[in-house]
Amino acid sequence: MEVKIIGGSIPNIPWEKKPEDINRPVWRYSENPIIGWNKYKEAARIYNSAAAYHEGRFVGVFRVEAMDGKPQLHFGSSPDGINWDIEEKDIQWVDEDGRSWIPQYSYDPRLIKIEDTWYIVWCTDFGGPTLAMGRTKDFKSFVRMENVSLPFNRNGVLFPRKINGKYYLLSRPSDGGHTPFGDIFISESPDLRYWGVHRRVMTKGNIGWWQMMKIGAGSVPIETSIGWLLFYHGVVNTCNGYVYSIGAVILDRDDPSKVKYRCSNYLLTPEKEYETSGFVPNVCFPCAALADPDTGRIAIYYGAADTYSALAFCEINELCEYIVDHNELNPGDDIEYR
Ligand code: BMA
């Protein structure tokens, strides 16, 4: 299958050849985890973080859990997308009126450039967890924008460009706790401030027991010749608690509320020790993916066991062929649902 990635080149995208003994489309980086416990004095765990490519280097917004157990967002940069230099001070937000704002907590950031501005969407407190948004042009000053949603909502992911003149954002309405339910929705906006025209994109359950209980968008969607490739997480509730795996779906390019292909198998499930044991065992949680159109290489960044940052790789043609071969939709996934 020939699929083209649409986007800027990333000549030094993190990459490692697929090992001979792997018969699946996604494989892990052999040096995982790329960030472990206690990276610097005040940091306990760094995971569920976002990375992107910017003018020859890599930039990231990291979920850093300090030793008081609270997460905040920290900026980081890297020459190779693997070895990260993460600022010890958290991002200092100033709102659009110039007032400083310190979030109660901040977690699961996604980072995306639209035109000449970088946007960060993450989960913060607003009388309960919901989606906050901020922007920066230089990764030095950060402006807090209006919250995207009312409580409760999580897993906010912006599309990297306007579609038919509108911005689009995926989200997952939740509860105030560990949310035993959840489907992926999409909203549109003319200006990144007013959100509406909500549609349901896809639902949990039925197809693949690994995504039985809830699903949530993961990486910023990658534009391809057959649609938007989205990595997401799917959760099953077991007698020993929730298990988070990584799955993939391809959304319609002109109307991303519609699913074209959805893979009934997970791509990655907790297997390695850094995924099955840590602060919260059995979590693989994707928050970013880089894609190089010249080589078809994709690097997926995921949090492991709410403790580590890890990397996995795949190749666009092989991955899309696998998704199409294992395509299975839930009722309503492929239509406009409102
Ligand atoms: C979700 C989020 C994620 C976390 C996951 C597993 O509700 O809070 O940040 O990785 O739970 O604990």
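In listed order, ligands and their atoms are each counted from 1. Note that this is a predicted model, so its numbers are computed, not measured.
- Contact of the Gln92 side chain with the Phe142 side chain is not registered, since no non-hydrogen atoms from C-beta on lie closer than 4.5 Å.
- The aromatic rings of Trp84 and Tyr301 stand perpendicular to each other, their planes meeting at an angle above 60°, with 30° marking the opposite boundary.
- Every pair passing side-chain hydrogen bond (donor to acceptor under 3.5 Å, both in side chains) that includes a residue from residues 125-137 is listed here, sequence neighbours excluded: Glu96-Arg135, Asp116-Lys137, Thr130-Ser149, Thr136-Asp138.
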Would you mind listing each N/O atom of ligand 1 next to any protein N/O under 3.5 Å, plus the distance?
unit_1   : atom_1 : unit_2 : atom_2 : d
ligand 1 : 9 (O)  : Asn48  : ND2    : 3.1
ligand 1 : 9 (O)  : Arg63  : NH1    : 2.8
ligand 1 : 9 (O)  : Asp108 : OD1    : 3.0
ligand 1 : 9 (O)  : Asp108 : OD2    : 2.7
ligand 1 : 10 (O) : Asn48  : ND2    : 2.9
ligand 1 : 10 (O) : Asp306 : OD1    : 2.6
ligand 1 : 11 (O) : Tyr244 : OH     : 3.1
ligand 1 : 12 (O) : Asp306 : OD2    : 2.6

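- Residues His74 and Phe62 place their aromatic rings such that the two centres sit no closer than 6.0 Å.
- Aromatic rings of His54 and Phe58 (six-membered ring for Trp) have centroids beyond the 6.0 Å cut-off, not under it.
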Pair Tyr47-Tyr308, ring-ring contact (aromatic ring centres under 6.0 Å, His included): steps then yes or no: CA-CA 5 Å; Tyr47 62 98; Tyr308 305 101; 9.2 Å; no
